[in-house]
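Below is one structure, written out as structure tokens; comments come after it.
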Amino acid sequence: MLSTRLSLLKHVGRVRCLSAQVHTACANEPMKDYVKGTPERKGVEEALDKMWNSVEEIPCVIGGQNVESEDVRWETSPFDHGHRLSRVHHANKAMLNKAIDAALAARKEWEARPLEERVKIFNKAADLIAGKYRYELLAAGMLVQGKTVWQAEIDIVTELADFYRFHAQYALDLAAWQPLSTEVSSNKFVMRGMEGFVAAVSPFNFAAIGGNLAGTPAMMGNVVLWKPSRSCIQPSYRIFNILREAGVPDGVINFVPSTGPDFGDAITSSPHLAAVNFTGSNATFSGIWKQVAQNLDKYITYPRLVGETGGKNYHLIHKSADIDTVVNCSVRSAFEYGGQKCSACSRIYVPDSMWPTVKEKMLETTKQLKLGPTNDFTSFLSAVIDGKSFDNIKTYLDYAKSNPNVTVLAGGNCDKSKGYFVEPTIVETSDPHDKLMTEEIFGPVVAVYVYPENKYDETIQLVNGTSEYGLTGAIFARDQGVIDTTQSALRDSAGNFYINDKCTGAVVGQQPFGGARGSGTNDKAGAPSYILRWVSPQTVKETHNPITDWRYPHMS
């Protein structure tokens with residue numbers, strides 16, 4: 001997997017320079033196609049059938065002990081919300097405080113373990129994810145999160161395995177760096193875990209994110225309380241158990257489904273809060289930040305707040321763009337997984353000279369998208385995650401139908417009688433500041449603004465200033481001068497910027513992910529810099545010879 005050779009290569013006067021030569025062999029987990037008739041397709045179908053016909057009992061797990069509670073809730077399938085998949089115990093505040101104690105009790109021994117040992121555990125977990133448990137993880141993503149097999153594959157299998165493998169590699173690479181030493185003293189840089197515990201708050205839309213939010217801090221010697229989304233509990237629980245099987249000791253990660261208010265109150269009121277690792281809504285992250293600020297005087301150390309929230313992601317089309325690329329990328333980005341990716345395209349800017357052709361092809365393509373259950377492998381997208389999300393999206397659809405500045409070109413209908421189904425919807429607005437162009441909808445709805453072809457420069461500024469977010473964006477052009485100028489002008493508009501490709505689909509190790517502005521703290525999961533967020537470094541100097549005088553040379 002990885003070999004790291006340290007060499008003393010240079011001698012400059014009395015100073016030795018420690019240099020690291022790092023050789024890596026980490027590669028992204030290959031994806032499978034799950035074509036009908038293949039062994040992998042059969043494996044997924046068998047896992048789906050087994051999971052559909054059973055109910056998973058999910059306790060809280062605190063200090064390695066299964067803990068039941070009086071607050072038991074059902075987890076159902078979004079495309080058939082009457083079908084129960086999991087019976088979930090939710091932690092109350094007393095249980096959360098017990099989890100904090102359990103984490104703190106496990107900290108000393110876990111943090112003291114060599115990094116190499118911890119890394120081996122997470123590499124083993126990656127192998128289990130990609131091998132032994134691949135099909136049941138996919139089934140959980142398909143049935144609980146409402147993902148097609150392809151969307152589940154790029155989430156709970158390949159991305160999660162990549163997170164563990166690449167972050168393990170980065171950790172070893174970073175540990176190989178050491179400061180300068182001299183003949184009279186030696187220096188070393190120690191990557192300690194943080195003092196206290198990390199609170200991991202994970203979203204429904206990517207199980208891999210949950211595995212990373214809890215797993216990477218633990219890899220670096222921290223102890224964790226993991227609160228999964230109420231709509232992604234079974235996939236998260238399966239990941240948690242894989243980590244235990246791989247060798248993560250009891251108490252290092254504590255699995256505590258709970259309500260947001262109970263969890264937020266418990267973690268922010270503890271003096272031992274070291275960090276929050278969060279993915280979710282702006283409102284929730286801001287609320288946690290405010291609670292931390294209100295309790296700042298009680299903490300042993302300043303808590304680190306790492307968050308990825310939302311986006312109002314754009315595709316900006318230049319007149320030189322390839323139309324088929326624009327259409328295919330826009331349809332995929334807007335509608336795959338029902339527009340429920342933080343990076344999903346939800347606003348498009350098209351020049352008036354191209355719009356008739358782009359519109360015709362987008363409508364033609366959208367008509368071919370099948371909306372259905374994910375255990376039907378011909379579905380392109382399925383139901384949105386839950387009733388709350390459905391109702392929120394419906395308010396935007398109703399608004400679009402009633403607004404004279406908006407034309408619904410495709411879709412616009414929804415039905416939650418059995419599942420939370422929303423048609424892939426394309427709307428055109430004459431107002432570039434309409435709320436359909438500015439607010440995050442988190443569903444299969446994309447708004448188009450048609451701009452005058454000769455107003456491209458002004459449109460760039462419009463794109464940059466329209467939204468509070470700064471997560472992802474893409475430009476489509478074949479004129480290299482336009483590409484360079486646009487990229488420079490939109491430098492602050494997106495943490496992940498794409499050229500002639502859709503604004504979704506970041507791959508660990510290739511496109512580290514995150515954005516600034518209202519989209520979060522832009523700490524870039526999947527990059528070496530992310531690892532440093534989960535350590536509290538210590539510098540150690542050791543002087544080898546006795547200090548025989550208190551005077552300095554100039555005093556003689």
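Just so it is clear, the values below take in all heavy atoms, side chains as well, and ignore hydrogens, waters and symmetry mates. The first residue in the sequence is number 1, and the count goes up from there.
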Using a strict cut-off of less than 4.0 Å between a Lys/Arg side-chain nitrogen and an Asp/Glu carboxylate oxygen, indicate whether [X] and [Y] qualify as a salt bridge.
X: Glu336; Y: Lys502; value: yes
X: Asp386; Y: Arg230; value: yes
X: Glu453; Y: Lys319; value: yes
X: Arg165; Y: Glu29; value: yes

For the residue pair [X] and [Y], what are the closest heavy atoms and their distance?
X: Gly310; Y: Asn282; result: N-OD1, 3.8 Å
X: Leu96; Y: Leu225; result: O-CD2, 3.9 Å
X: Glu153; Y: Pro30; result: OE2-O, 4.1 Å
X: Ser343; Y: Leu471; result: N-CD2, 4.1 Å
X: Leu462; Y: Pro432; result: CD2-CB, 3.4 Å
X: Gly473; Y: Ala494; result: N-CB, 3.6 Å

Got a sec: does the [atom1] of [X] have more than 12 other heavy atoms crowding it under 6.0 Å?
X: Arg533; atom1: CZ; value: yes
X: Glu195; atom1: CD; value: no
X: Tyr302; atom1: OH; value: no

Fill in: Whether Asn295 side chain and Thr268 backbone form a donor-acceptor pair below 3.5 Å
yes
Worksheet item: Has the side chain of Lys394 got a donor or acceptor atom that lies under 3.5 Å from a matching backbone atom of Ser389?
Response: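 Such a contact is absent between Lys394 side chain and Ser389 backbone.
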Practice prompt. Go through the steps for Met194 and Thr301 under the test side chain to side chain contact (heavy atoms under 4.5 Å, CB included), then give the verdict.
Written response: CA-CA 9 Å; Met194 291 180 285; Thr301 186; over 6 Å; no
Discussion item. Applying ring pair (Phe, Tyr, Trp, His ring centres under 6.0 Å) as the test, list every pair that has at least one member in residues 472-515; sequence neighbours left out.
Written reply: His315-Phe476
Worksheet item: Would Leu115 and Met220 satisfy side chain to side chain contact (heavy atoms under 4.5 Å, CB included), going step by step from the backbone distance to the final call?
Response: CA-CA 7 Å; Leu115 175 63; Met220 300 313 298; 4.2 Å; yes
Would you indicate whether the side-chain heavy atoms of [Y] and [X] approach each other to under 4.5 Å?
X: Thr486; Y: His318; value: no
X: Leu174; Y: Leu532; value: yes
X: Ile483; Y: Asn500; value: yes
X: Asp265; Y: Gln291; value: yes
X: Phe122; Y: Leu243; value: yes
X: Thr259; Y: Phe263; value: no
X: Ile393; Y: Phe442; value: no
X: Arg118; Y: Trp110; value: yes

Worksheet item: How far apart are the C-alpha atoms of Phe278 and Phe285, what are their side-chain angles, what is the distance that settles it, and do they pass the ring-ring contact (aromatic ring centres under 6.0 Å, His included) test?
Response: CA-CA 7 Å; Phe278 176 91; Phe285 189 51; 5.1 Å; yes
Assert yes or no for the condition that the ring centre distance of [X] to [Y] is strictly below 6.0 Å.
X: His167; Y: Tyr530; result: yes
X: Phe240; Y: Phe255; result: yes
X: Phe380; Y: Phe335; result: no

Discussion item. Between Asn496 and Thr472, is there a side-chain donor-acceptor contact under 3.5 Å, judged purely by atom types and distance?
Written reply: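 Their side chains do not contain a donor-acceptor pair, so the 3.5 Å distance test is not met.
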Discussion item. Hydrogens and angles aside, do Lys188 and Gln538 bring a side-chain donor and acceptor to less than 3.5 Å of each other?
Written reply: no
Item to complete: For the pair Tyr420 and Phe390, name the ring-plane relationship: parallel under 30°, tilted 30 to 60°, perpendicular over 60°.
Response: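 Ring orientation, 0 to 90° scale: tilted.
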Worksheet item: side chain to side chain donor-acceptor pair (under 3.5 Å) between Ser202 and Trp226: does it pass, once the steps are laid out?
Response: CA-CA 8 Å; Ser202 59; Trp226 180 5; 2.9 Å; yes
Practice prompt. Determine, step by step, whether Arg347 and Val448 satisfy the side chain to side chain contact (heavy atoms under 4.5 Å, CB included) criterion, reporting the C-alpha distance in whole Å, the side-chain angles of both residues, the deciding distance to 0.1 Å, and the verdict.
Written response: CA-CA 6 Å; Arg347 53 181 173 130; Val448 179; over 6 Å; no
Worksheet entry | Chi angles and distances behind the side chain to side chain contact (heavy atoms under 4.5 Å, CB included) call for Thr279, Val201 | CA-CA 6 Å; Thr279 297; Val201 183; over 6 Å; no
Item to complete: Just jot down the ring pair (Phe, Tyr, Trp, His ring centres under 6.0 Å) partners of Tyr314, sequence neighbours excluded, or say none.
Response: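 For Tyr314 there are no ring pair (Phe, Tyr, Trp, His ring centres under 6.0 Å) partners, ignoring immediate neighbours.
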Worksheet item: Quick one: is the NZ or CZ of Lys147 closer than 6.0 Å to the six-membered ring centre of Tyr337, and within 45° of its axis?
Response: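 Cation-pi check for Lys147 and Tyr337: passes.
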Worksheet item: Passes side chain to side chain donor-acceptor pair (under 3.5 Å), Thr284 versus Ser281? Steps please.
Response: CA-CA 5 Å; Thr284 301; Ser281 73; 2.9 Å; yes
